[in-house]
Amino acid sequence: MRGMAVIVPVWLGVLLCAGGCGKGEKAAPGGGAATSAGTPAAAPSAAVGGATITGEVKFVGAPPANPTIDMTEEPKCKADYTTPPREQIVVVNPNGALADVFVYVKAGLPPGIQYPVPATAVVIDQKGCMYHPRVFGIMVGQQLEIRNSDPLLHNIKALGKANRPFNISQPAAGMTTNRSFTAPEIMVPFQCNVHGWMHAYAGVLPHPFFSATGTEGTFTIKGLPPGTYTIEAWHDKYGAQQATVTLQGNETKTVDFTYKAK
Ligand SMILES: [Cu+2]
């Protein structure tokens with residue numbers, strides 16, 4: 001969202017936090033909606049409103065222990081950890097909320113609206129032989145910058161179904177490669193051909209109304225026009241849940257989701 005405040009039209013400002021700007025949430029991939037020229041794509045203002053959906057994803061029960069990762073053959077990554085790292089499949093925060101849940105508007109938006117694609121790229125970094133972030137959202141057509149911060153080979157493979165799969169080798173630290181997606185898809189899985197424990201997921205949407213839970217387990221979706229929406233929460237291990245919410249005017253409604261230990 002750097003360097004764009006003064007040229008963004010007022011009506012577009014409400015979109016800036018649509019990907020989630022609240023405390024404890026991940027960086028807002030869907031935020032920063034503007035084209036490189038600073039002008040919005042054709043999008044009637046009726047499609048943009050001032051309503052907000054916010055909430056928390058709770059976790060009930062004892063979370064399963066994530067598998068320990070054996071990094072013996074990758075000492076340069078192993079050196080990044082003081083204790084043996086674990087896969088981050090189920091991450092429950094100290095407040096009992098679940099991280100890495102992708103929350104998005106699944107249905108209910110007015111048809112036929114083209115939302116501006118943010119000029120800012122979403123970044124996925126490979127660091128310490130882990131993906132950062134592990135779960136994130138991105139708009140159709142938005143740039144995804146794939147970065148290798150490790151001094152060793154990663155081979156990132158995206159296994160989309162609606163989107164064409166790709167496979168990129170990045171043998172050195174500092175390498176970046178940009179890709180984008182052509183179709184909505186929940187979720188596009190990423191994996192590394194070199195390190196079997198590396199998994200990430202991208203939610204690809206034609207609109208900016210999505211968020212991913214982070215260290216507080218909360219999400220916020222802003223800038224919605226009045227309407228009745230189906231909201232879906234998606235988690236790698238525990239699957240998807242839906243909720244319906246009706247929003248009027250500029251109101252904020254809270255929708256919490258709860259996942260239970262199996
Ligand atoms: Cu790797």
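In terms of hydrophobic clustering, with Ile, Leu, Val, Met, Phe, Trp and Tyr side chains grouped at heavy-atom distances under 4.5 Å, I69 and L153 are assigned to different clusters. Each of V91 and M198 belongs to its own hydrophobic cluster when Ile, Leu, Val, Met, Phe, Trp and Tyr are linked at side-chain heavy-atom distances under 4.5 angstrom. Residue L159 is not grouped with residue F166 when hydrophobic side chains (ILVMFWY) are merged at heavy-atom distances under 4.5 angstrom, including chains of intermediate members. When the side chains of ILVMFWY residues are joined at heavy-atom separations under 4.5 Å, either directly or via intervening members, M187 and V105 end up in a single hydrophobic cluster. When hydrophobic clusters are built by joining Ile, Leu, Val, Met, Phe, Trp and Tyr residues whose side-chain heavy atoms come closer than 4.5 Å, directly or via intermediates, F209 is grouped together with V255.
Here the CD1-CD distance, from I124 to E145, works out to 11.5 Å after rounding to the nearest 0.5 Å. Interatomic distance, D150 CG to K76 NZ, rounded to the nearest 0.5 Å: 10.0 Å. Here the straight-line distance linking atom CG of L144 with atom CZ of R179 works out to 9.5 Å at 0.5 Å rounding. Note that OG1 of T120 and CD of Q143 are 11.0 Å apart. Values are rounded to the nearest 0.5 Å. Distance check, rounded to the nearest 0.5 Å: NE2 of H199 to OH of Y131 gives 8.5 Å. With rounding to the nearest 0.5 Å, the separation of CD1 in I168 from SG in C192 is 12.0 Å.
Side-chain N or O atoms of E185 include one that pairs as donor or acceptor with a backbone N or O of A162 at under 3.5 Å. With hydrogens and angles disregarded, a donor-acceptor distance shorter than 3.5 Å links the side chain of K253 to the backbone of T246. At least one donor-acceptor pair closer than 3.5 Å links the side chain of D256 to the backbone N or O of E56. In this structure, Q88 contributes its side chain and R86 its backbone to a donor-acceptor pair below 3.5 Å. Checking side-chain atoms of N93 against main-chain N and O of N95 turns up no donor-acceptor pair under 3.5 Å. For the pair Y229 (side chain) and L247 (backbone), a donor-acceptor distance under 3.5 Å is absent. Judged by distance alone, with hydrogens and angles left aside, the side-chain atoms of K262 form a donor-acceptor pair with the main-chain N or O of K237 at under 3.5 Å. Side chain of E74 to backbone of M71: no donor-acceptor contact under 3.5 angstrom is found. T54 contributes a side-chain N or O that, together with a main-chain N or O of F219, makes up a donor-acceptor pair within less than 3.5 Å. Looking at Q191, its side chain never comes within 3.5 Å of a backbone N or O of G196 through a donor-acceptor pair.
Smallest separation of non-hydrogen atoms from Y81 and M130: OH-CG, 3.1 Å. Closest non-hydrogen pair, T254 versus G55, comes out as CG2-CA, 4.1 Å. For the residue pair Y104 and E232, the shortest heavy atom distance occurs at OH-OE2, 2.6 Å. The shortest heavy-atom contact between Y115 and H207 is CD1-CB, 3.6 Å. The two residues A200 and P133 make their nearest non-hydrogen contact at CB-O, 4.2 Å. Across all their heavy atoms, G203 and I186 have their closest contact at CA-CD1, 4.1 Å.
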Test side chain to side chain contact (heavy atoms under 4.5 Å, CB included) applied to V140 and V117, step by step:
CA-CA 8 Å; V140 172; V117 176; over 6 Å; no
Are T213 and F257 close enough, and set up right, to give a side chain to side chain contact (heavy atoms under 4.5 Å, CB included), and what steps lead you there?
CA-CA 11 Å; T213 62; F257 293 93; over 6 Å; no
Test side chain to side chain contact (heavy atoms under 4.5 Å, CB included) on Q126 and I146; report intermediate values, then the result.
CA-CA 8 Å; Q126 299 153 109; I146 300 161; 3.8 Å; yes
Candidate pair H195 and L152, rule side chain to side chain contact (heavy atoms under 4.5 Å, CB included), full reasoning
CA-CA 11 Å; H195 309 108; L152 47 88; 3.8 Å; yes
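At a threshold of 4.5 Å between non-hydrogen side-chain atoms, the residues Y259 and V90 do not count as touching. Within the 4.5 Å cutoff, no side-chain heavy atoms of H154 are placed close to those of I156. Within the 4.5 Å cutoff, no side-chain heavy atoms of F210 are placed close to those of F136. In this structure, H235 and V57 have side chains that are not in contact, with every pair of non-hydrogen atoms separated by 4.5 Å or more. Side chains of T220 and T218 form no contact here, defined as non-hydrogen atoms less than 4.5 Å apart. A 4.5 Å side-chain heavy-atom check between W197 and P67 finds every atom pair outside the cut-off. Side-chain contact between D236 and W234 is present, with heavy atoms from C-beta onward closer than 4.5 Å. Using a 4.5 Å cut-off on side-chain heavy atoms (C-beta onward), I138 and F181 make contact.
A distance below 2.5 Å between sulfur gamma atoms is met by C129 and C77.
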